[in-house]
Amino acid sequence: MIAAYILIQTEAGKAAIMAAALRDLPGVTETASVAMPYDVIARAQAQDLDEPGKLVASRVQVLDGVTPTMSCPVMHL
């Protein structure tokens, strides 16, 4: 199982709405509103390394109010 954190900047005032919308996406296991420089963080799980990127490109970045995102795969060292 691959896990990733997705850091999301949103338009002003949309962090809570964005966090709630992300919870409904398949693969997203939790979300939270956070303080600067990103507004929302989501944790996602997938079967392979490509899936988190596909989730971000096809489901997260198309949500109204999303500005830049950053995906951070979890590595167990």
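One-based numbering along the sequence shown.
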> Between K14 and D39, is the closest basic N to carboxylate O distance under 4.0 Å?
Replying inline: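 The answer is no: the pair does not qualify as a salt bridge.
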
>> Would you compute the distance between atom CZ of R59 and atom CG of L22 and round it to the nearest 0.5 angstrom?
In response: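 Output value for this atom pair is 11.5 Å.
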
> In Å, rounded to the nearest 0.5 Å, how long is the span from CE of M18 to CG of D64?
Replying inline: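 That separation rounds to 7.0 Å.
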
> Heavy-atom count around M1 CE within 6.0 Å, excluding the residue itself: above 12?
Replying inline: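 Atom CE in M1 is packed in, count exceeds 12.
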
> Which heavy atom of S71 sits nearest a heavy atom of V56, and at what distance?
Replying inline: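 Closest approach of S71 to V56, heavy atoms only: OG-CG2, 3.3 Å.
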
>> Minimum heavy-atom separation for A4 and P52, please, with both atom names.
In response: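 Taking every non-hydrogen atom into account, CB-CB, 4.0 Å.
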
> When clusters are formed by joining ILVMFWY residues with side-chain heavy atoms under 4.5 Å apart, either directly or through shared neighbours, do Y38 and V74 land in the same one?
Replying inline: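 Y38 and V74: one cluster.
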
Side-chain donor/acceptor of [X] to backbone N/O of [Y], under 3.5 Å:
X   : Y   : value
D48 : E51 : yes
T67 : Q9  : yes
T29 : R43 : yes

> Should L63 and I8 count as side-chain neighbours, where that means a heavy-atom distance under 4.5 Å?
Replying inline: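 Contact flag for L63/I8 side chains = no.
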
>> Could you go through I17 and T10, starting from their C-alpha distance and side-chain angles, then the distance that decides it, and tell me whether this counts as side-chain contact (heavy atoms from CB on, under 4.5 Å)?
In response: CA-CA 10 Å; I17 294 167; T10 67; over 6 Å; no

